[in-house]
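Both counts, for ligands and for their atoms, begin at 1 and track the order of listing. Keep in mind the model is a prediction, meaning the values are calculated, not measured.
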Amino acid sequence: MPTYIITGANRGLGLEFVRQLSTTSTTTNPPTIIACVRSLANTDLTALNKLASNPSNGAKITTHELLTSSQESIDNLTKSLPTPTSLPQPLILLNNAGINAIPSQSSLTITQHDLHTHLDVNVLGPAFVTNALLASGHLQRNSLVFNMTSGMGSFGKNIVGDAKTTYAISKAALNMLACHQAKDLEGKGVKVLVMDPGWVKTVSLFFSSWSPVSFFLLVFQVFSVCMSSVWRTGGVAWRG
Ligand SMILES: NC(=O)c1ccc[n+]([C@@H]2O[C@H](COP(=O)([O-])OP(=O)(O)OC[C@H]3O[C@@H](n4cnc5c(N)ncnc54)[C@H](OP(=O)(O)O)[C@@H]3O)[C@@H](O)[C@H]2O)c1
C-alpha cells in the first residue's frame with residue numbers, strides 16, 4: 001500500500017483522509033500515513049492521536065510538524081522523515097492544508113497583506129512542500145501530488161458575487177500551479193492532480209458544522225479517482 005503524506009491532518013478533510021485510510025481498507029498490507037500538523041505544541045491532536053494509536057486496519061500513522069508557509073518548517077519535515085527507500089511506494093502527497101481566512105472579503109476590500117497570506121498558504125505552501133520532497137528524493141517515479149483546490153478558483157464555474165475574493169484568487173493560482181507542476185514533473189514520472197472536493201461541511205471554512213456523510217462520499221470519490229485512469233495519465237482536474 002502507498003505512503004500518504006497529508007498536510008493539515010489534525011481536523012477537517014485532512015483528518016478525515018487519515019480516518020478513512022486507517023479504518024476502511026481491508027488489505028493485509030496497510031498504508032503508511034505521515035500526518036502533518038501546523039504545530040505539534042499548539043494543536044489539539046486528540047482525534048489524530050486516537051486514530052494513530054488504534055488504526056483498525058493496521059495502518060502505520062506518524063505525526064509530524066509542518067507549517068506549510070515556512071521554508072524552515074518544510075526543511076525540518078524532510079529531515080525528520082524516514083529515508084525514501086524505507087517508505088512503501090508509491091508516495092502520495094496530499095497538499096490539503098489551506099485557509100479561507102476572510103470569507104467576507106470582496107474585490108473592493110482586498111488588501112495586500114491578506115492576498116499575500118492566502119498565496120503563501122494556498123499556493124506557495126503546496127509548491128514548496130512538493131519541491132522539498134522532490135529534492136529529498138521522497139517524491140519519485142510513480143508518486144502522486146494531489147492539490148486540494150476549490151470551485152471558487154474556477155473560471156469555468158465563475159462563482160463570483162459571494163466575496164471570498166482572496167481565497168478565490170489563491171485557488172485560481174493553485175490551479176495554474178498544478179498545470180505547471182504536471183508539465184514540469186512529467187519527465188520524472190510524478191503525476192499531479194488538482195481536485196475540488198465541492199462543499200464539504202468542515203467546521204471552519206464555510207460551515208458551522210460538518211457532515212460525516214459528505215466526508216465519506218468525498219474521500220471515497222477522491223480515492224476512486226486516484227486509482228482510476230487519472231493515476232496513469234496524470235495532470236487532470238476533478239470536482240466532487
Ligand atoms: N470544506 C470545503 O467545503 C472545501 C471546499 C473546497 C476546497 N476545500 C479545500 O480543502 C482543504 C481542506 O479544507 P477543510 O475544510 O478541511 O479546512 P479546515 O477545516 O479549515 O482545515 C484546514 C487545515 O489546514 C491547516 N493549515 C492551515 N494553514 C496551515 C499552514 N500554514 N501550515 C500547515 N497547516 C495549515 C489547518 O491547521 P490548524 O488546525 O492548525 O489551523 C487545518 O488542519 C483546503 O485546502 C480547502 O481550501 C474545502
For the atom pair [atom1] ([X]) and [atom2] ([Y]), what is the distance rounded to the nearest 0.5 Å?
X: Leu119; Y: Leu174; atom1: CG; atom2: CG; result: 10.5 Å
X: Thr3; Y: His138; atom1: OG1; atom2: NE2; result: 9.0 Å
X: Leu144; Y: Leu93; atom1: CG; atom2: CG; result: 8.5 Å

Item to check | Proximity of Cys36 to ligand 1 by residue part, where a heavy atom lies under 4.0 Å | outcome: neither
Checklist entry - For ligand 1, is any non-hydrogen atom under 4.0 Å from Thr7's backbone (N, CA, C, O), its side chain (CB onward), both, or neither? => result neither
Selected option - heavy-atom contact closest to [atom], from [options]:
atom: atom 9 (C) of ligand 1; options: Met148, His118, Arg11, Glu65; result: Met148
atom: atom 31 (N) of ligand 1; options: Ser69, Ser39, Gly14; result: Ser69
atom: atom 22 (C) of ligand 1; options: Gly153, Ala97, Gly98; result: Gly98

Indicate yes or no: does an N/O atom of [X] lie under 3.5 Å from an N/O atom of ligand 1?
X: Leu67; result: no
X: Thr43; result: no
X: Ala9; result: no

With heavy atoms of [X] as the reference, note each atom of ligand 1 found under 4.0 Å away.
X: Asn96; value: 11 (C), 12 (C), 44 (C), 45 (O)
X: Trp199; value: 3 (O)
X: Ile99; value: 27 (C), 28 (N)
X: Gly12; value: 16 (O), 19 (O)
X: Pro197; value: 4 (C), 5 (C), 6 (C), 7 (C), 8 (N), 48 (C)
X: Asn10; value: 37 (O), 38 (P), 39 (O), 42 (C), 43 (O)
X: Leu66; value: 32 (N), 33 (C)

Checklist entry - Taking the side chain from Thr165 and the backbone from Gln105, do they hold a donor-acceptor pair closer than 3.5 Å? => result yes
Next on the checklist: Checking the side chain of Asn142 only, and the main-chain atoms of Gln89 only, is there a donor and an acceptor separated by less than 3.5 Å?
Outcome noted: no
Item to check | Heavy-atom closest pair, residues Tyr167 and Ser170 | outcome: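 Smallest interatomic distance, heavy atoms only, reads O-OG, 2.7 Å.
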[X] heavy atom under 4.0 Å from ligand 1:
X: Thr149; value: yes
X: Gly198; value: yes
X: Lys171; value: yes
X: Val121; value: yes

Checklist entry - Checking side chain to side chain donor-acceptor pair (under 3.5 Å) for the pair Asn175/Ser154: CA distance, chi angles, key distance, verdict? => result CA-CA 8 Å; Asn175 293 346; Ser154 163; 6.0 Å; no
Next on the checklist: A side-chain contact here means heavy atoms from C-beta on lying under 4.5 Å apart; do Leu185 and Leu139 qualify?
Outcome noted: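 Counting from C-beta outward, Leu185 and Leu139 never come under 4.5 Å.
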Checklist entry - Would you say the side chain of Ile102 lies within less than 4.5 Å of the side chain of Thr117, judging by non-hydrogen atoms? => result no
Next on the checklist: Applying side-chain contact (heavy atoms from CB on, under 4.5 Å) to Glu65 and Asn76, what does each step give before you reach the verdict?
Outcome noted: CA-CA 8 Å; Glu65 184 161 287; Asn76 288 340; over 6 Å; no
Checklist entry - Does CG belonging to Asn42 count more than 12 external heavy atoms closer than 6.0 Å? => result no
Item to check | Worked verdict on Asn122 versus Lys171 for side-chain contact (heavy atoms from CB on, under 4.5 Å) | outcome: CA-CA 7 Å; Asn122 295 347; Lys171 290 298 185 179; 4.3 Å; yes
